[in-house]
Protein chains: 2
Amino acid sequence: MLSAGLPQGAVPKLERPGPLRDRVYEALLELITTRALQPGQHLVESELAGHLGVSRQPVREALQRLNTEGWVDLRPAQGAFVHEPTEEEADQLLTVRTLLEAEAARLAAANADKAGVAALESLCVEGEKAVTADDVDTAVALNAAFHAKIMTLAGNTVLAELAAQVDRRVRWYYTPVARQRGRQSWIEHRELIAAITTRDEQLATSLMREHTEHTRRSYHERAQD
Amino acid sequence: MLSAGLPQGAVPKLERPGPLRDRVYEALLELITTRALQPGQHLVESELAGHLGVSRQPVREALQRLNTEGWVDLRPAQGAFVHEPTEEEADQLLTVRTLLEAEAARLAAANADKAGVAALESLCVEGEKAVTADDVDTAVALNAAFHAKIMTLAGNTVLAELAAQVDRRVRWYYTPVARQRGRQSWIEHRELIAAITTRDEQLATSLMREHTEHTRRSYHERAQD
DNA sequence: CGATTGTCTTTCGTCTACAGTCTACGGTGC
DNA sequence: GCACCGTAGACTGTAGACGAAAGACAATCG
């Protein structure tokens, strides 16, 4: 017996660094979403490589992935540029997000079990707490977690992956808005939980649709300021 | 004036080879969709590189892109393997496709102009011709073109890009089915055109939803054989 | 006879080097 | 003074080489 004296599952699995390109990818994505790298900025491979302490190759691979996912534009023989969101694109992206999220809500209503609903409620409570405490960062994170949980409950992997990508970009475009729309958002979440609990697919769908549409409206109102 | 004696837009744009990785990408995608590379097969970089007459680098970049789009699985420190579709995944993918296509139909109904409808009708006529002539390959191609045209008419770039990816994978999974379901498919297309012409968004949505659902049903019936 | 360990091959992950191409700037002619 | 051309610099695109990890197989020990 090899596993004789070992503390069951507590073996840390020998945390491997994992492919370098992935870490570069995450680092760059972080830099982009936090606006450290601004839209339109020219990303020079050798610069990034030097700055991150790696070679150009992993940087290239990360940039290519970012390109396919719409974060950077890769102009041939010229290099990578941080994608510049347009009004139109943001709107289209939100349309798609509404679609995906609404479907997820429907599937979640169809599939959710007690444990799932309990998890949602727990997140909701935490979220309301964060809003009350004016802890915006936590509130935003919990909001993302809430939507992610619904995706999980929907049980559709393909849908989840697409939604994850779209969601992240939407959050990028709409960060200023998301930070405003705190309390109302969690009220709508509660209604959604109720619909899921009672297995009302129709209601869950339309609630989620309304919910994301509210975000769109907030954005356009804000844009007029 | 530089463009003085030039035949307007007939300048061949100086056909540049374009990034090598893209051509490798297309080549590999072709090989995968045509089953020349079978699901589960181990793709060795150096082999592919030698076979295509290029270095390993462009092959790597193409593989990474194929990975993010779900065509191959990239196991760390082990290499690329052609993705193996599962029943469950095919079903989930079709669910998403239904969503996206239905939304596209709705938007197309809202936006389509005379020229657009005319183009759809033209494709429909061609498609029916191909079916009558038992020209399956052409019929399949025209079917894809029809759906792509609807996407264009919808005018949502983001939606179109997602749908293009999902569609291609669905076609991969369901090729055996798609080749069966010829004539009925084009009848449904005609109904859809009618709905778009009359700007009936509701009808267009539900028709498209039914249309893709029929494909799912065909698949499951066939799976029972 | 079975399990384990050591080695060996294969293949990936990363780095370095070189050639092609685009951009920008300065000089020259009108 | 303005426009055009030529040159230089910088960056990307591609190729080749080296080190490292994973899997397979055989030899060895209990």
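In what follows, every heavy atom counts, from backbone to side chain, and hydrogens, waters and symmetry copies are set aside. We name chains A, B, ... by the order of the sequence lines, and we start the count at 1 in each one.
Of all nucleotides listed (dT11(C), dT14(D), dA22(D)), dT11(C) comes nearest to the side chain of Val44(B). Listed nucleotides dC12(C), dG23(D), dC22(C) differ in distance to Gln78(B); the shortest reach to its side chain belongs to dG23(D).
If you take CD of Glu45(A) and P of dT16(C), they are 15 Å apart, rounded to a whole angstrom. Between His42(A) atom NE2 and dA24(C) atom P there is a gap of 11 Å when expressed in whole angstrom units. For the pair Asp22(A) CG and dC12(C) P, the computed distance is 16 Å after rounding to whole Å.
Partners of Asp22(B) under the salt bridge (charged side-chain N to carboxylate O under 4.0 Å, His left out) rule, at least two apart in sequence or in another chain, are Arg65(B).
For residues 51-76 of chain B, proximity to DNA chain D is found at Val54(B), Ser55(B), Arg56(B), Gln57(B), Pro58(B), defined as any non-hydrogen atom under 4.0 angstrom from a strand atom.
For Gln92(A) (side chain) and Gly155(B) (main-chain N/O), a donor-acceptor pair under 3.5 Å exists by modelled atom type. A donor-acceptor pair is defined here as one N or O able to donate and one able to accept, closer than 3.5 Å; no such pair exists between the side chain of Asp73(A) and the backbone of Phe81(A).
Contact check for Arg21(A) versus Arg60(A): no side-chain heavy atoms found under the 4.5 Å cut-off.
More than 12 heavy atoms of other residues, nucleotides or ligands sit less than 6.0 Å from atom NE2 of His42(B).
Ring-plane geometry between Phe146(B) and Trp186(B) is classed as perpendicular, the angle between the planes exceeding 60 degrees on a 0 to 90 degree scale with a lower cut at 30.
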